[in-house]
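Just below is one structure, and these are the notes that go with it.
Given the structure is predicted, the values throughout are model-derived calculations rather than measurements. Every chain is numbered from 1 and lettered A, B, ... according to where its sequence line falls, protein lines coming before strand lines.
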Amino acid sequence: GENVEQHPSTLSVQEGDSAVIKCTYSDSASNYFPWYKQELGKRPQLIIDIRSNVGEKKDQRIAVTLNKTAKHFSLHITETQPEDSAVYFCAASIAGNTPLVFGKGTRLSVIA
Amino acid sequence: DAGVTQSPTHLIKTRGQQVTLRCSPKSGHDTVSWYQQALGQGPQFIFQYYEEEERQRGNFPDRFSGHQFPNYSSELNVNALLLGDSALYLCASSLGTGLNEKLFFGSGTQLSVL
């Protein structure tokens, strides 16, 4: 089955700096890669997702890149703000076929 | 527009007891998935319900069972509780055609087994 590794487990950045979180997956058939943000005590929220037919997707300050050959994908947050502080989870699946398999999460702290 | 609602928000049980958790999906959604999130871990898939049937199941024992009602709401039942069942149980809803896409999560039920 699919296995998703996520790094780093914790990340601290200064406000205004960029943050990068990386994930690797094991199943080459996986083709759907979402990212979820979970603030303390709140529900996970989908912030961006990418399919294997594209290499990059952007939404304002957030971008995700995908390298299918290397089986890894990354979340990039630019101009970080204190409200970006949360736990971020990556996940992988075969769209419409298998359930999401999540990484263990990255706790991002943005220091004002 | 109401999102995914789960009840109760917190629950304390003792080993060997049984528990039922409830979930109402986001308006317009017809598929419900249940996840277990242990402390410091990512959510782990338990099972998914669509059209009142279990469509997919993760690597969880038969002590975990579920049900979906005609109004798309769902229940998760856990029998013979173990200490290791202590976790946040998340319900996520989606449209039937997107088995695992655009999942909309509830805030979860925090289960503590003593």
Side-chain angles (χ1 to χ4, degrees), chain A residues 1-10 21-27 29-54 57 59 64 75 86-108, chain B residues 1-7 9-10 21 23-26 29-50 54-60 64 66 76 87-110:
Chain A
E2 177 65 271
N3 182 52
V4 177
E5 300 284 341
Q6 184 171 346
H7 300 279
S9 56
T10 61
I21 302 170
K22 299 181 179 180
C23 289
T24 60
Y25 61 99
S26 62
D27 188 350
S30 289
N31 58 8
Y32 177 65
F33 309 93
W35 287 86
Y36 283 82
K37 174 184 180 182
Q38 187 174 28
E39 297 178 60
L40 189 62
K42 297 189 177 181
R43 64 182 182 88
Q45 289 186 281
L46 177 67
I47 56 172
I48 195 167
D49 56 6
I50 191 170
R51 300 177 189 278
S52 59
N53 59 343
V54 297
K57 184 177 179 180
D59 183 3
V64 57
L75 178 70
V87 178
Y88 291 81
F89 293 97
C90 63
S93 71
I94 303 172
N97 193 323
T98 63
L100 292 178
V101 176
F102 285 84
K104 292 187 176 181
T106 297
R107 182 174 298 279
L108 173 64
Chain B
D1 178 24
V4 176
T5 58
Q6 292 186 243
S7 62
T9 55
H10 296 82
L21 310 182
C23 171
S24 292
K26 179 178 170 63
H29 285 182
D30 56 5
T31 300
V32 173
S33 302
W34 287 92
Y35 285 80
Q36 180 193 67
Q37 186 177 19
L39 191 63
Q41 302 292 316
Q44 188 173 0
F45 177 73
I46 303 175
F47 43 54
Q48 183 179 77
Y49 278 84
Y50 174 69
E54 183 182 289
R55 182 152 64 166
Q56 288 187 332
R57 187 178 184 92
N59 188 26
F60 279 80
F64 289 77
L76 165 65
L88 179 67
Y89 288 84
L90 293 165
C91 171
S93 71
S94 57
L95 283 174
T97 54
L99 279 175
N100 47 23
E101 301 176 37
K102 310 294 185 187
L103 294 185
F104 197 95
F105 281 90
S107 296
T109 293
Q110 185 66 54

Go through A/Gln45, A/Lys104, A/Gln6 and name the one with the most non-hydrogen pairs under 4.5 angstrom from chain B.
-> A/Lys104

Is it the case that more than 12 heavy atoms not belonging to A/Asn53 sit under 6.0 Å from its CG atom?
-> yes

Is there a donor-acceptor pair closer than 3.5 Å between any side-chain N or O of B/Gln56 and the backbone N or O of A/Asn97?
-> yes

Can you tell if the side chain of A/Arg43 reaches within under 4.5 Å of the side chain of B/Gln6, non-hydrogen atoms only?
-> no

Distance-minimising heavy-atom pair for [X] and [Y]:
X        : Y        : result
A/Phe102 : B/Pro43  : CD1-O, 3.3 Å
A/Leu100 : B/Phe45  : O-CB, 4.3 Å
B/Gly106 : A/Pro44  : O-CD, 4.1 Å
A/Asp49  : B/Lys102 : OD2-NZ, 2.8 Å

Drop me the distance from A/Leu46's CG to B/Glu101's CD, to the nearest 0.5 angstrom.
-> 10.5 Å

Side chain, backbone, both or neither: which part of B/Gln110 has a non-hydrogen atom closer than 4.5 Å to chain A?
-> neither

